[in-house]
Amino acid sequence: MTVSNDSIGKAVRDFLAEAEEIIDQLNNDLVSMGDCAETGDCNPDLINAIFRGAHSLKGLAGIFGFSEIGDLAHNMENLLDSLRLGRVEITPVMMSVLFDAMDLLGALVRGAGEGHLDASGIPLMVSRINACASATQKSQEVSPLATLGLTDAVLNALTEYEEHRLLENVKKGRLIYSIIASFSLTTFDQELGELTDLLKQGGEVISTLPTVGSGSEAGIDFEILFGSTKGEDGVSGLSGRPGITVRLLGAQSTPPSPSQPAQAAEPPTASPSDSAHDHPAAALPAQAAADAAMTAKSMSRMVRVDIVKLDDLMNIVGELVLSHSAINELVGKVRSSGFSTLAIELGKAAKVLQRKLNELQKGVMEIRMIPVGQLYEKMSRIVRKVSREQGKKVDLRVFGADTELDKLIIEDISDPMMHIIRNSIDHGIETPEERVRLGKDEKGVIRLSSFQKGNHVVIEVEDDGRGIDIARVKKKALEKGLIQENDPLSERDALELIFLPGFSTSDTVTDISGRGVGMDVVRNNIAAVSGMVDIETRPGQGSKVIITLPITLAIIKALIINIVGRTYAMPITSVLETILVERSDIRTIERKEVIQLRDMTLPLVRLGRFFEIEGGDVLPESFYVVVVGVAEKRLGIVVDDLLGQQDIVIKSIGETFKGFKGISGAADLGDQRTILVLDVGGIISEATRGSV
Amino acid sequence: MKKILIVEDSSAMRSLLISTIEALEGFEIVEAANGFEALRLLPRERVDLVITDINMPDINGLELIRYVRNSAIYKSIPLFIISTESSERDLAKGLALGANEYLIKPFDPADLQKLLLKYLG
């Protein structure tokens with residue numbers, strides 16, 4: 001099926017965006033369902049929401065021609081439909097199947113987005129889903145709804161699901177009420193929302209039927225079917241507002257008259273619909289005004305924007321920043337040519353421009369920011385899945401979920417984060433039996449916390465497992481030939497070994513952590529967004545992985561430096577200070593050049609050697625050292641010249657330079673020159689590892 | 001210009017319905033993401049036809065159809081249901097409540113266009 005319209009491309013993108021959103025929501029809901037499945041008391045709204053998600057996904061996928069996705073969603077929908085209609089019971093097996101099916105759906109949608117959809121896993125998944133649907137089939141029962149005395153008019157407008165809920169409420173011995181409320185057309189959604197919220201505190205809102213207001217088109221009445229254990233007075237008390245009739249339905253009641261639903265309910269104090277009815281001329285202008293106010297308000301105040309558009313915007317802002325630098329240079333030139341008054345005026349104008357540019361830059365940057373909580377939601381699913389597979393009990397605790405980070409950074413670190421968490425569960429957290437034996441709570445705890453620290457955001461993943469066995473790490477490194485027998489290694493250095501390529505302490509390769517992705521890949525991925533990973537561990541008490549990330553990547557303040565005739569930019573956030581050093585201050589320890597900086601020994605790195613550039617081996621009498629630091633590590637970078645500070649827009653340098661250590665990107669200088677941006681974190685880890 | 005109200009909670013599905021209808025000349029579209037919005041739009045817009053989904057939170061499509069058919073003003077507006085085959089009973093109820101036509105997702109745009117021209121052309 002095709003649609004002959006230009007907007008189809010956009011529609012497919014809409015589909016992908018919406019499908020992803022639905023899947024994220026479904027995943028969250030499934031996690032909640034997993035929780036309540038244990039206690040056996042799931043909120044029907046939750047299960048219905050999950051059903052509706054699968055249902056929408058199926059409809060969408062079918063329309064856009066992704067029949068494989070539609071097929072899977074269709075089968076899930078059937079199972080969920082039986083579940084919400086009470087034909088089957090939730091079982092742990094079913095939860096597992098649903099989680100796995102959700103993962104597959106996610107993978108399929110991502111595949112569809114990237115243009116290569118691998119449908120090979122679907123048939124197996126479909127048979128698993130169907131097995132689960134038929135295994136727990138309950139016998140169908142005949143509806144005793146007739147005893148409630150509901151009119152056909154009401155019964156006919158109930159969906160199958162609502163009918164089922166009504167039945168469930170009756171079976172549970174709850175009383176069924178018909179609540180009739182009148183509202184003005186202009187304010188009904190808010191008032192009805194408030195009323196349903198109040199009612200939900202004392203029972204279940206089964207259905208909300210709108211009817212034309214009693215005689216007036218400006219009013220609207222609702223008949224709410226409500227199930228509760230409370231008595232009639234209790235239910236009347238719940239609503240807390242006048243103008244509402246509550247009637248208990250049952251064999252003894254007479255059927256409600258739909259044509260006259262709210263006559264008895266008219267409150268003594270005039271309701272908006274009342275006054276409009278009685279004095280139409282007087283009330284209408286006010287109504288119209290209120291109406292107009294409502295029109296301007298859209299239901300959702302969010303806008304969904306493709307990140308590429310924000311990138312474009314960011315680039316334009318970046319170019320404006322560069323133009324501003326050019327103007328500033330002109331100010332200097334004008335001044336030196338003797339036009340000092342003109343230079344001052346121009347300088348003032350440039351200052352104003354700069355202030356506004358800063359605001360613009362900040363504004364665009366803020367749009368790109370999303371709360372880390374979105375990442376945490378994904379992680380909670382991983383924790384659930386992995387701990388289930390491993391037979392471990394894990395409690396995920398989340399702190400600082402509202403800390404904000406650039407959307408792209410969040411995207412880029414979700415895989416490394418996932419791996420770190422898998423590691424924690426796989427290697428860190430002990431089995432429940434072992435934990436009990438060790439006197440720990442049988443449930444392990446993983447804490448995800450994030451907070452802002454200056455221009456960085458720190459994310460910590462902490463577990464209370466067995467910690468990292470340093471002796472075992474050393475032994476493994478020795479076996480793999482990564483270190484020599486007699487290498488003097490501090491605990492810190494030994495811990496660093498796990499970040500080496502090809503290192504894995506797990507003797508048996510597991511399905512989870514043993515997928516060929518090691519901590520070296522984690523470190524590289526995080527370095528790619530100018531971040532750093534550190535690890536701390538206490539034997540028997542757990543480990544903590546600390547990820548330090550820049551808040552945003554797009555525009556940064558940089559120190560422009562010159563080394564062996566080449567110009568580089570260095571993010572100012574990692575520069576601690578610049579010092580002038582005499583050649584005679586250099587000492588050599590273990591073949592490494594160091595200087596004494598106050599009370600610490602600072603290792604030096606010569607970038608000429610680091611990048612293997614010819615020349616520059618002989619240092620002048622005195623030279624500059626830029627002291628850089630990321631997390632707890634410090635390093636002195638020897639430079640030939642400091643060219644000043646500047647705002648730069650970092651651009652990706654593409655695949656060619658990928659894996660090229662020490663470079664994180666390129667930037668344009670105001671004068672059309674392109675220079676490389678140093679990856680300070682990468683240089684520090686390389687240099688402190690001793691390869692330079 | 002005939003005005004069509006689309007009531008559908010999936011925005012992608014709405015976009016698709018819109019692009020299908022926009023391929024025809026002479027139709028103006030009003031969108032509602034749920035039953036509430038639809039109820040609010042009805043008195044404000046002089047709607048000539050309603051296309052509604054059935055499974056929506058809060059006020060569902062059936063309830064909307066019932067409301068429209070019971071209203072003195074709107075009762076003669078043509079009403080199409082667009083839903084999936086899994087809710088056959090709901091579809092049947094919708095037709096019993098007075099919906100004129102139904103379309104099953106995934107629907108063929110040509111079918112929708114034909115139906116629109118039949119009722120509004």
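Please read these numbers as outputs of a predicted model, since none were measured by experiment. Just so it is clear, the values below take in all heavy atoms, side chains as well, and ignore hydrogens, waters and symmetry mates. Below, chain A is the first sequence line, B the second, and so on; all start at residue 1.
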What part of [X] lies closer than 4.5 angstrom to a heavy atom of chain B: side chain, backbone, both or neither?
X      : value
A:F222 : side chain
A:E162 : side chain
A:I22  : neither
A:S207 : both

Legend entry - Close side-chain approach of A:L83 to A:L79, heavy-atom, < 4.5 Å: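 They are not in side-chain contact.
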Inset, instruction - Measure the CZ-CG distance between A:R110 and A:L108 for me, rounded to the nearest 0.5 Å. - result: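 Atom-to-atom, A:R110:CZ and A:L108:CG are 9.5 Å apart.
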Inset, instruction - Please determine, among B:I59, B:L41, B:I65, B:V68, the option with the most heavy-atom pairs under 4.5 Å with chain A. - result: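 Among the listed options, the one with the most contacts to chain A is B:I59.
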Legend entry - Heavy-atom contact with chain A under 4.5 Å, split by part of B:L97: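 The side chain, not the backbone.
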Legend entry - Short side-chain donor-acceptor distance under 3.5 Å, A:T208 and B:E63: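 Judged by distance alone, the side chains do not pair up.
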Please tabulate, for side-chain N and O atoms in residues 48-56 of chain B, each donor-acceptor pair with protein atoms closer than 3.5 Å (sequence neighbours left out).
| from | atom 1 | to | atom 2 | distance (Å) |
| --- | --- | --- | --- | --- |
| B:D48 | OD2 | B:K3 | N | 2.6 |

Legend entry - Option passing salt bridge (Lys or Arg N to Asp or Glu O under 4.0 Å) with B:R14 (candidates B:E8, B:E31, B:E37, B:E22):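 Going through the options one by one, the only one that passes is B:E31.
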